[in-house]
There are 2 protein chains.
Amino acid sequence: MSAQSSTRMRGTRGARRQRHRHGGVVTAQRQAPAYITRKIPWYAFVKDDALEAIEQQTDKLLHEVGVEFRDDPAALERWREAGADVKGVRVRFPDGMARALCKTAPSEFIQVARNEARSTRIGGKHQIFAPVYGAPFVRCLDEGRRYGTIEDFRNLVKLTYSLPWLHHSGGTTCEPCDVPVNKRHLDMVYAHIRYSDKPFLGSITIQERCEDSVEMARIAFGAETLENHCVIMGNVNANSPLMFDKVASQAIETYCRANQGIIVAPFILGGAMGPVTTAAALAQALAEGIAACAYSQIIRPGAPFILGNFLSSMSLRSGAPTFGMPEAVMSNYAVGQLARRLGLPLRCGGSLTASKVPDAQAAFESADSMHSTALAGANYVLHSAGWLEAGLVTGYEKLILDADRLGALHTLLGGMATDENGLGVNAYEDVEPGGHFLGSDHTMANYENAYYEADMSDSESFEQWQDQGGLDAAQRANRRWKQLLQDYEAPALDESIDEALLAFIAKRKESMPDAWY
Amino acid sequence: MSAQSSTRMRGTRGARRQRHRHGGVVTAQRQAPAYITRKIPWYAFVKDDALEAIEQQTDKLLHEVGVEFRDDPAALERWREAGADVKGVRVRFPDGMARALCKTAPSEFIQVARNEARSTRIGGKHQIFAPVYGAPFVRCLDEGRRYGTIEDFRNLVKLTYSLPWLHHSGGTTCEPCDVPVNKRHLDMVYAHIRYSDKPFLGSITIQERCEDSVEMARIAFGAETLENHCVIMGNVNANSPLMFDKVASQAIETYCRANQGIIVAPFILGGAMGPVTTAAALAQALAEGIAACAYSQIIRPGAPFILGNFLSSMSLRSGAPTFGMPEAVMSNYAVGQLARRLGLPLRCGGSLTASKVPDAQAAFESADSMHSTALAGANYVLHSAGWLEAGLVTGYEKLILDADRLGALHTLLGGMATDENGLGVNAYEDVEPGGHFLGSDHTMANYENAYYEADMSDSESFEQWQDQGGLDAAQRANRRWKQLLQDYEAPALDESIDEALLAFIAKRKESMPDAWY
């Protein structure tokens, strides 16, 4: 039963790859596609009649309970004009109204990257991975846990750029806490443009920061490109249950008015910001998402909108939020179905964990969360690498380890070949029962691309592993990110664009006193 | 986006459970079911026409290439009598013959346990988890890696008995290397009967050890029970490609003749014991499984047979076997479909990894392997907990960590409630938009059973975690298994049965000189 036999393949890609080893890790550059086009079927985790029951509950919430839009009178006025029932800050939707408004949102769109080859297709059968978002802390093996800095932020942009299985540069990969709160969005957007050529997210925390983000995208891509293409997106949360504050509504307004994309993700900790049962929390999240999408389409019909879902369970022991648990796994599978029925691109899941360190807990939780995220068909996966400690920490080693598993998901989503070669119809011409396939024609013809090569997995013998220092996965990842930063080369950026961005940033910073909270 | 809010629920089960803490871990006794009855739909990973193509390749292998049965003339004679085309040791099957013989194998059966409440249903929608099998080494944090002993074996039986999410005691959970090779099967079978009341596997390495195993089961359960019920099973490998030696054929013969169960699992490292493409390796595994099942039904029509599958990929760098990789994940999903089409119970997957230690690699690989195993509908999952280092090592901490995730899979396989309560139809009667569900009627009515409680996941705040020693998952698991062994109480065993077993073992041991290899 045990897999004691270890076979050697000589003169193949394995040997060639070996030459690229640095410090015990392989740095072979692989070029992943700009986005995944899924080839495996959907998983019908929830049956159709149950999906309809969830949708009925969603519609009931929209119609009877309604959604509040607080601190944004302009939003309430728009809802009134659109025919909603507005009482105070509460907006109720006549039957079918919110869903009808959603129909102008594209089911699929392209976010254009600075490097056109990295432009991503979002929606339908297309899936892309972006790193962790929003952590105030960073962690690495050398220094432990500490507040993030702008240097960390730049490092994380560079690492995300270097990691082949991350398609998108993300947004606030960590908070650069050494930069004033009111100025850091400028440095973050600049870092995404300057140190990467993958698509990215702008800032959302206050409306003028949204405007700055869009303006910097306009400088980088040109006004005409910005008007006609999605080149930047914002990512906001609902204030669940069933409430949006002006951070959300004004971010939707700013990004969508400029024809840019917006992601709206209810963050629901069941039993707190939503019901404690999973189907009920899903129905609420869907109501919040539909209301947000409808609002985005009032702002500008056709603006790219991504339906978000972020459900979390909690520990019965302490009430602390838990991640990678089966209830969240189920919600991933179910929301994939619900988003497809609605015809909207989906953001859900990620490599989520409550663990403080990149240990077995972190990996177990992240893997179950991400496996279901990928199978569920999530089109835009924020937090797909680097998340630790319920999202409070971006882990350097965790980023590397997660990204390596994202490569495995590329293979899984590519499906299993069942053509004549895949079936091995001719594989037995030079192999007899009791023989072996080492070096057989079929093996040699398929060997190089047969298996996903996980750079961060050590599959050598115990003795070889011990000889190489007996490092665990986190220790190997530590070597890896340092090597990647050392090898990093910035993508080209037109000098006049760089100058214009720096001038814009300087002018904006001049206009503001430093604010630290 | 980050989940900073941590809510507290007082006066609930959370508080009550806290009282059971010992050394930082919770030891609440939960009673899992004797087996899982799956409530979620199957995942149609491979489309029907591709499944048919795989089956055609399987049938072609059975018909044209054939399967060899070596060193077992009686088996060849039986095949001849059954109408197969036998040339030398090669058996070829006229079209449809092997599949027709398989039809008498039950699609579902019960393995009776010493404690009737723990009897497991195997097949159909039922799924059970058993620990790692066959490792010569053990590993724990205190002592590192060393050869297994009979004391380890007994510890692992006791731990498996104590862990609620393991339904089955397994077989050779580690090799007791301090007992002579020709005698250790007696001590192992005895330990399963004496220290647990969960169902178990017997020995297979030589025919007389199969006979001893069955005889000990006869003593424990009585001759009449043994004749009419499956109370013990054997687990054997094919010698892929397309070959069985007498270890396999005589184990099938011995167990099935006594109306006991047999599991036959081709272990295929793609590119060595089978083709390097996944669909081709699956077709071969299916041919080997069908041949073995047909043989079991020649021995005794109706004997319980479990179709096994154990496909592994390899590292392009070194040719070493890899686990938890996407090709094996795909094979799990696909073989689940193939087994259902054949109408046979399935063994596949497990919590597999090539990692030497219970680190992030071990958990990532185990989780992807086990997630797909569970979703694929594997009915009997060997290696579902404790496996390390490509199966060479049983890890004490890994056993604990894996078993905790098996609990999560119980919840996942139980599906998502979408009845009125599940949908939260009345959840908004005492909660307004912008409010919260802490302590709401719907929350209180559902709280205790809303979420899976993962004992080995630390979801507390960074400060709490640090105050409790800042332990990683493996360190917490180390405390846990020691606590479980300390708390262990043996299940009752009829004294006359115990005496009869010990007398049988003494007599058998007397008849043999010690053999150490």
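All chains are named by letter (A, B, ...) in the order of the sequence lines, taking the proteins before the strands, and each is independently numbered beginning at 1.
Atom-to-atom distance recorded for B/T353:OG1 and A/D458:CG is 10.0 Å, nearest 0.5 angstrom. In this structure, CZ on A/F323 lies 11.5 Å from OG on B/S457, to the nearest 0.5 angstrom. Note that CE of B/M456 is 13.0 Å distant from OG of A/S355, once rounded to the nearest 0.5 Å. With rounding to the nearest 0.5 Å, the separation of CZ in B/F137 from CZ in A/F462 is 8.0 Å.
Ring-plane geometry between A/H371 and B/H371 is classed as parallel, the angle between the planes falling under 30 degrees on a 0 to 90 degree scale with a further cut at 60.
A/I40 has its side chain within reach of B/F45: a pair of non-hydrogen atoms, C-beta onward, lies under 4.5 Å apart. Contact check for B/L401 versus A/F364: side-chain heavy atoms found under the 4.5 Å cut-off.
Note on A/D402, A/L409, A/T172: by heavy-atom pairs under 4.5 Å with chain B, the leading option is A/D402. Each of A/V67, A/D419, A/V329 has some count of heavy-atom pairs under 4.5 Å with chain B, and the biggest count is that of A/V329. Ranked by non-hydrogen atom pairs under 4.5 Å with chain B, the options A/A354, A/P358, A/A360 are led by A/A360. If you tally non-hydrogen atom pairs under 4.5 Å between each of A/L375, A/N239, A/V46 and chain B, the highest count goes to A/L375. Of all the listed residues (A/K60, A/Q284, A/H436), the one sharing the greatest number of non-hydrogen pairs under 4.5 Å with chain B is A/Q284. Of the listed residues B/M330, B/E432, B/R70, B/M325, the one with more heavy-atom pairs under 4.5 angstrom with chain A than any other is B/M330. Contacts with chain B were tallied for A/D49, A/L51, A/I54, A/V89; A/I54 has the most, counting heavy-atom pairs under 4.5 Å.
Proximity to chain A is limited to the side chain of B/L282, based on heavy atoms less than 4.5 angstrom apart. At a 4.5 Å heavy-atom cutoff, the contact between B/Y428 and chain A is made by side-chain atoms alone. Neither the backbone nor the side chain of B/E64 comes within contact range of chain A, judged by heavy atoms closer than 4.5 Å. Heavy atoms of B/A427 lying under 4.5 Å from chain A belong exclusively to its side chain. Only the side chain of B/A334 comes within less than 4.5 Å of a heavy atom in chain A; its backbone stays farther off. With a 4.5 Å cut-off on non-hydrogen atoms, B/Q466 does not touch chain A at all. The part of B/A44 that comes within reach of chain A is its backbone (N, CA, C, O), which places non-hydrogen atoms under 4.5 angstrom from that chain. With a 4.5 angstrom heavy-atom cutoff, B/V431 touches chain A only via side-chain atoms. Residue contact with chain A, scored on non-hydrogen atoms closer than 4.5 Å, is absent for B/Q56. Neither the backbone nor the side chain of B/L413 has a heavy atom closer than 4.5 Å to any heavy atom of chain A. Using a 4.5 Å cut-off between heavy atoms, B/V357 touches chain A through its side chain atoms alone. At a 4.5 Å heavy-atom cutoff, the contact between B/P241 and chain A is made by backbone and side-chain atoms alike.
When the salt bridge (charged side-chain N to carboxylate O under 4.0 Å, His left out) test is applied to B/D359, no partner is found at least two apart in sequence or on another chain. Residues meeting the side chain to side chain donor-acceptor pair (under 3.5 Å) test with B/R145, sequence neighbours left out: B/E389.
With salt bridges taken as basic N to acidic carboxylate O contacts below 4.0 Å, none links B/K356 and A/E460.
Summarising the geometry of B/A50 relative to A/T418, their closest heavy-atom pair is CB-OG1, 3.4 Å, with the distance given to 0.1 Å.
Checking A/T411 against B/E327 by side-chain atom types alone, no donor-acceptor pair falls below 3.5 Å.
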